[in-house]
Amino acid sequence: MRDSHRLQAVQTPIIPVVADLIRANPGTISLGQGVVNYGPPPAASVQIARFLSEPENHKYQATSGLPALLESLARKLSVENGVDVGAAHGVGLMVTAGGNQAFLNAALAILDPGDEVILPVPYYFNHEMAIVMASARPVLVPTDGDYQLDVDAIRAAITPRTRAILTVSPNNPSGAVYREDDLRAVNLLCAEHGLFHLSDEAYEYFTYDDARHFSPASIPGAAAHTISLYSMSKAYGFASWRIGWMAFPTQLEPALRKIQDTVIICPPVIAQYAALGALEEGAAFVREKVGKLAKTRAMVKRELALLQEEGLADVPDAAGALYFLLRLKTPLAPLDYATRLIEEHRVAVIPGSAFGLTQGCYLRVAYGALQAETAAEGVGRLVSGVRALAR
């Protein structure tokens, strides 16, 4: 017996592969997985007692999410993102078990077999995997040397089978924050061609220097074709709690409710209570944490700049998210290079081939999961390892 041809076409997730290598090489410092080094705010824990005090909470709850949480998220979107939710605005809201489920919900709701979704490269691998699982086809479009959108290339990739264009900003894996003008241009392309704009904004708070996040759904008239995806995993240290959400054109609600009811019935209720507490503390909590991460980022940036000065790698600027995406000047394949870094230098990164970068050797460096001193040790090992492998 075999699994389906559809799933055989889906790439193997890279994070477990790297995790196995780390376990086989004790003492390795991981600059691999994109998580943060802090947990939820105290107010999240306070809400757990409230959850436990109400016996009805142990039963199934509303498919789209707890009304109180939906109200809190709607306020957040209006105040912070300029996106108004409700029937009068044509925008629905649904809580999901993390941002990945939000994307899979969207893919299943809008895609038929053979449909196409335009993905700027580098892409987030779970997005590409979900599109293939939905029996649709990812159409890969290059970005420029700084991993910024090439709107002309996106326009040229549109065909009669195109159903959506995906943008991820701030970007995983590159750390690029897409320019507002480019996001507006992509959204306009979607409006002109009858496409959906899938806008993943999981890293919306993680911007540095002069970079600013922009939500395409805030554009007047964008509500009818924009699906916005969010997550609490990074901003609020909620990775294991699995809470995300999506804002979408209301005409998709019947389809999304079918998917949600089949996949999960309702998001984990205890996690929704915790999310309510976290949102009480709000953006001020996140900004304080991001301010500390910015110092770690600056240190990592300084160290990686040495590799560029020595002609060993290109290190494009990364003004967002938790990542730098290096272009190594080496004939080695990315996974081979990453394996040698783990085995010989006890530092782990993610090979760029997982993100659709098949020409050359790219490595994603993640700095958010570690305390500053451990991150410094890890990036020091990385710089030493790249120098050694160059020899």
Side-chain angles (χ1 to χ4, degrees), residues 14-35 37 121-125 142-147 171-176 208 293-391:
I14 192 63
I15 297 296
V17 173
V18 173
D20 287 344
L21 285 167
I22 292 171
R23 280 191 290 272
N25 293 273
T28 297
I29 294 176
S30 178
L31 300 173
Q33 195 161 24
V35 294
N37 60 14
V121 177
Y123 56 65
Y124 172 49
F125 48 79
T143 50
D144 70 14
D146 293 321
Y147 307 122
N171 188 259
N172 177 9
S174 72
Y208 313 99
L293 279 174
K295 297 177 182 178
T296 301
R297 169 187 171 271
M299 177 275 297
V300 172
K301 184 178 180 178
R302 285 194 303 271
E303 294 299 307
L304 295 179
L306 299 174
L307 297 177
Q308 185 155 304
E309 292 169 6
E310 296 167 22
L312 300 176
D314 293 324
V315 187
D317 190 35
L322 304 169
Y323 313 107
F324 287 94
L325 186 60
L326 313 186
R327 287 191 290 265
L328 278 295
K329 298 179 180 180
T330 174
L332 290 174
L335 182 55
D336 293 340
Y337 200 108
T339 300
R340 290 189 63 179
L341 284 173
I342 294 171
E343 293 177 345
E344 299 172 21
H345 302 280
R346 295 300 189 269
V347 62
V349 293
I350 302 298
S353 48
F355 308 105
L357 296 163
T358 57
Q359 302 297 316
C361 185
Y362 294 77
L363 301 176
R364 189 190 75 173
V365 178
Y367 52 82
L370 305 176
Q371 298 300 323
E373 58 274 15
T374 310
E377 172 65 20
V379 76
R381 293 184 189 184
L382 175 62
V383 169
S384 296
V386 170
R387 287 169 174 161
L389 290 172
R391 293 193 294 270

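The chain is numbered in sequence order, starting from 1. Keep in mind that what you see is a predicted model, and the values were worked out from it rather than measured.
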Quick one: pull up CD1 in Ile342 and OH in Tyr337 and give me the separation to the nearest 0.5 Å. 13.0 Å
Between OG1 of Thr296 and CD of Gln371, what distance do you get to the nearest 0.5 Å? 8.0 Å
When you compare the side chain of Ile14 with that of Val17, does any pair of heavy atoms fall below 4.5 Å? yes
Testing the 3.5 Å rule here: is there a donor-acceptor pair between the side chains of Asn25 and Thr28? no
Scanning both residues in full, the closest heavy-atom pair of Gly32 with Ala366 reads O-CB, 3.4 Å
Shortest non-hydrogen contact between Asn171 and Tyr323, atoms and distance: O-CD1, 3.9 Å
Okay, side chain of Thr143, backbone of Val121: is any donor-acceptor separation there less than 3.5 Å? yes
In the structure I gave you, are the side-chain heavy atoms of Asp314 and Lys329 within less than 4.5 Å of one another anywhere? yes
Do the non-hydrogen side-chain atoms of Leu325 and Pro122 ever get within less than 4.5 Å of each other? yes
Which pair of non-hydrogen atoms, one from Ala369 and one from Asn37, has the smallest distance, and what is that distance? O-CB, 3.3 Å
First locate atom CZ of Arg340, then atom CG of Leu335, and finally report the distance between them rounded to the nearest 0.5 Å. 13.0 Å
Could you tell me the separation between the CZ atom of Arg327 and the CD atom of Gln359, rounded to the nearest 0.5 Å? 13.5 Å
Any side-chain heavy-atom pair from Phe125 and Ile15 closer than 4.5 angstrom? yes
With side chains defined as the heavy atoms from C-beta onward, is the minimum distance between Val18 and Gln33 less than 4.5 Å? no
Nearest 0.5 angstrom please: Leu293 CG to Leu370 CG, how far? 10.0 Å
Heavy atoms of Ala338 and Leu363 approach each other most closely as CB-CD2, 4.4 Å
Minimum heavy-atom distance between Phe324 and Pro316, given as atom pair plus value: CD2-O, 4.2 Å
In this structure, CG of Leu341 is separated from CG of Leu328 (nearest 0.5 Å) by 8.0 Å
Keeping Tyr208 on the side-chain end and Ala321 on the backbone end, is there a donor-acceptor pair under 3.5 Å? yes
Val315 and side chain to side chain contact (heavy atoms under 4.5 Å, CB included): which single residue from Val300, Leu326, Leu306, Val365 fits? Leu326
Any chance the rings of Tyr124 and Phe355 have centres within less than 6.0 Å? no
Anything under 3.5 Å between a donor and an acceptor, one on a side chain of residues 378-391, the other on a protein residue two or more places apart or in another chain? List them.
unit_1: Arg381; atom_1: NE; unit_2: Glu377; atom_2: OE2; d: 3.0
unit_1: Arg381; atom_1: NH1; unit_2: Gly27; atom_2: O; d: 2.9
unit_1: Arg381; atom_1: NH1; unit_2: Arg346; atom_2: O; d: 2.8
unit_1: Ser384; atom_1: OG; unit_2: Gly380; atom_2: O; d: 3.1
unit_1: Arg387; atom_1: NE; unit_2: Glu310; atom_2: OE1; d: 3.0
unit_1: Arg387; atom_1: NE; unit_2: Glu310; atom_2: OE2; d: 3.3
unit_1: Arg387; atom_1: NH2; unit_2: Glu310; atom_2: OE2; d: 2.6

